[in-house]
Amino acid sequence: MKVFLMLLKSMYPLFVLVALISSCDHASSPADSAAKDSVTIVAAAPVVTPAKDSISYEMGNRLKLSGDLDGDHIIDTIYESYISQKTGRETFKYVYGAHMDVDMVEEAINANLPVSRIYTTIANVDTLSLTDHSDHTGIYMLENLGDLNEDGGDEIGYVIDLAGHSNLNEYTIITLTKEKKWKKLLAFHIHESESLDKENLFDGKSLIKKTAPYTFRYKCYEAAAFEERTFVIDSTK
C-alpha cells in the first residue's frame with residue numbers, strides 16, 4: 001500500500017500537465033472562440049435592431065364579386081389581383097413599422113411597383129390592369145351595378161385605394177363587350193373619405209342609380225362640392 005501511494009504521488013505532476021494541455025486545447029476551439037466573442041460583444045455593446053428590420057408586411061385581402069358579366073345567364077366571378085412588377089407575383093398591400101410615417105410607407109409601396117388587376121371565370125377574357133399608378137394598395141371598392149347598357153350583362157364599378165395624402169379619388173365603371181373585351185363607360189371624381197358615406201349614396205347603397213334604359217345618375221365630387229349628374233350610354237358604340 002505504501003509503495004502504491006508513493007507511485008501515485010510521483011505521477012501527480014503528469015496528471016496536472018495533461019489537464020493543462022487539455023484545457024488549452026479546449027480554449028482554442030473555433031466554436032468556443034466564436035461563442036466567447038459573441039457573448040463579449042453583446043455584453044460590451046448590445047446590438048440595436050435597425051428600424052428597417054422591424055418593418056412588417058401584410059398581404060391584405062383580395063376582393064371578389066359575382067354577377068352575370070356576359071349576359072349568358074350564368075353567374076361569373078371577378079377576382080382582384082395585386083402583384084409586384086418586380087416579381088410578377090401577388091405582393092403585400094400594407095407596410096407597418098414603429099419608425100415609419102405616412103411618407104415612408106408610401107415610398108415603400110411605390111418601390112414595390114404594384115399593379116391592380118382583375119380576372120374572371122369567363123373563358124377567353126383577358127386579365128385587366130386597372131391602374132399603372134404604383135401609389136396604391138389595391139381595390140378599395142368593387143360593386144355590381146346591374147345592367148346599365150341593356151346588353152344583358154352586369155356592369156362593374158370600382159375604386160382604387162390610393163396611398164397618397166389627397167382625398168381626391170376616382171370611381172370607374174367598366175363593361176364586358178360581346179367580343180369579351182373590357183371597356184370603360186365612365187370615370188368621375190369622388191372624395192375618398194366622404195363620397196362613400198351612406199348619406200352620400202343613392203338609397204344609401206351606391207354612387208350609381210339607373211333611371212331609364214341606357215341612362216343612370218351618378219354623384220361626383222368637383223370643385224370641393226358634391227354634384228349629381230346624368231349619364232346616357234351611347235348604344236351605338
Side-chain angles (χ1 to χ4, degrees), residues 62-82 115-133 136-162 164 166-237:
R62 301 297 189 267
L63 301 183
K64 67 178 182 179
L65 181 69
S66 296
D68 181 6
L69 303 176
D70 54 4
D72 64 355
H73 307 293
I74 297 174
I75 297 301
D76 314 299
T77 304
I78 287 180
Y79 296 93
E80 175 189 6
S81 171
Y82 183 77
V115 175
S116 280
R117 311 181 303 176
I118 56 172
Y119 60 95
T120 78
T121 53
I122 305 173
N124 302 318
V125 174
D126 291 336
T127 297
L128 175 67
S129 292
L130 301 183
T131 179
D132 56 2
H133 196 306
H136 75 285
T137 56
I139 302 175
Y140 176 64
M141 190 178 88
L142 186 64
E143 64 175 338
N144 185 331
L145 300 174
D147 186 7
L148 300 176
N149 61 357
E150 306 295 325
D151 68 349
D154 296 329
E155 275 62 66
I156 302 300
Y158 68 85
V159 178
I160 295 296
D161 192 1
L162 301 180
S166 174
N167 281 317
L168 193 63
N169 208 323
E170 191 171 74
Y171 186 104
T172 303
I173 302 173
I174 57 175
T175 185
L176 190 63
T177 68
K178 294 300 183 182
E179 294 74 33
K180 307 293 186 184
K181 302 293 184 182
W182 290 108
K183 176 183 175 182
K184 183 193 297 186
L185 290 181
L186 177 68
F188 57 91
H189 290 144
I190 64 170
H191 189 285
E192 195 169 66
S193 62
E194 296 180 16
S195 286
L196 301 182
D197 289 345
K198 190 173 182 179
E199 61 268 22
N200 293 322
L201 303 175
F202 288 107
D203 303 321
K205 297 178 180 179
S206 176
L207 288 168
I208 308 297
K209 183 175 183 179
K210 186 175 181 178
T211 55
Y214 305 104
T215 306
F216 62 85
R217 301 282 288 171
Y218 66 98
K219 294 186 178 182
C220 62
Y221 185 79
E222 297 289 349
F226 291 100
E227 296 181 13
E228 187 174 321
R229 299 179 179 178
T230 299
F231 185 80
V232 179
I233 301 169
D234 187 348
S235 61
T236 64
K237 293 183 179 179

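Residues: numbered from 1 along the sequence shown.
Atom CD1 of Ile139 is separated from atom CZ of Arg117 by 11.0 Å, given to the nearest 0.5 angstrom. Summarising the geometry, atom NE2 belonging to His73 is positioned 7.0 Å from atom CG belonging to Asp68; distances are rounded to the nearest 0.5 Å. Here the CD1 atom belonging to Ile78 is positioned 4.0 Å from the CD1 atom belonging to Ile156, to the nearest 0.5 angstrom. Distance check: Ile190 CD1 to Thr172 OG1 gives 9.0 Å after rounding to the nearest 0.5 Å. Annotation: the span from Lys209 atom NZ to Leu201 atom CG amounts to 12.0 Å, rounded to 0.5 Å. Rounded to the nearest 0.5 Å, atoms CG (Leu145) and OH (Tyr158) are 12.0 Å apart.
Closest of all the heavy-atom pairs between Asn200 and Ser195 is CB-O, 3.5 Å. In plain terms, the two heavy atoms of Leu65 and Glu143 that are nearest each other are CD2-C, 3.4 Å. Contact between Ser206 and Tyr171 at its shortest, heavy atoms only, is OG-OH, 4.4 Å. For the pair Asn144 and Gly67, the tightest heavy-atom approach, listed with the atom from each and the gap, is ND2-CA, 3.4 Å. Pairing each heavy atom of Glu192 with each of Ile160, the nearest pair is OE2-O, 4.4 Å. Counting all heavy atoms, side chain and backbone alike, Asp147 lies closest to Gly152 at OD2-N, 2.9 Å.
Defined by atom type and a distance below 3.5 Å, a donor-acceptor pair is missing between the side-chain atoms of Thr131 and His136.
Under a cut-off of 6.0 angstrom, the local environment of NZ in Lys180 is crowded, with over 12 non-hydrogen atoms contributed by other residues, nucleotides or ligands. Around the NZ atom of Lys205, the shell of radius 6.0 Å holds no more than 12 heavy atoms that belong to other residues, nucleotides or ligands. By the neighbour-count criterion of 12 heavy atoms within 6.0 Å, atom NZ of Lys210 is densely surrounded, having more than that number from other residues, nucleotides or ligands.
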Validation: residues 213-221 side-chain donor-acceptor distances under 3.5 Å, sequence neighbours left out:
| unit_1 | atom_1 | unit_2 | atom_2 | d |
| --- | --- | --- | --- | --- |
| Thr215 | OG1 | Pro213 | O | 3.3 |
| Arg217 | NE | Glu228 | OE2 | 3.1 |
| Arg217 | NH1 | Thr230 | OG1 | 2.2 |
| Arg217 | NH2 | Glu228 | OE2 | 3.2 |

Checklist entry - Can you check side chain to side chain contact (heavy atoms under 4.5 Å, CB included) on Leu148 and Phe231, steps first, answer last? => result CA-CA 10 Å; Leu148 300 176; Phe231 185 80; over 6 Å; no

Next on the checklist: I'd like to know whether Leu130 forms a side chain to side chain contact (heavy atoms under 4.5 Å, CB included) with Trp182, so could you lay out the CA-CA distance, the side-chain angles of the two residues, the decisive distance to 0.1 Å, and finally the verdict.
Outcome noted: CA-CA 11 Å; Leu130 301 183; Trp182 290 108; over 6 Å; no

Checklist entry - Stepwise, does the side chain to side chain contact (heavy atoms under 4.5 Å, CB included) test hold for Arg62 with Tyr82? => result CA-CA 8 Å; Arg62 301 297 189 267; Tyr82 183 77; 3.7 Å; yes

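A heavy-atom distance below 4.5 Å is found between the side chains of Leu128 and Ile174. Side-chain contact between Thr127 and Ser81: absent, with no pair of heavy atoms (C-beta onward) separated by less than 4.5 Å.
Counting only distance, with no hydrogens or angles, the side chain of Lys178 and the backbone of Asp151 share a donor-acceptor pair below 3.5 Å. Under a 3.5 Å cut-off, the side chain of Glu80 and the backbone N or O of Gly138 do not form any donor-acceptor pair. The backbone N or O of Leu69 lies less than 3.5 Å from a partner atom in the side chain of Asp76, making a donor-acceptor pair. No donor-acceptor distance shorter than 3.5 angstrom exists from the side chain of Asp70 to the backbone of Leu176, with no hydrogens or angles considered.
Considering only residues two or more places apart in sequence or on other chains, Glu227 meets the salt bridge (Lys or Arg N to Asp or Glu O under 4.0 Å) condition with Arg229.
In summary, of the residues considered (Lys181, Lys183, Glu155, Lys184), a side-chain hydrogen bond (donor to acceptor under 3.5 Å, both in side chains) with Thr175 occurs for Glu155 alone.
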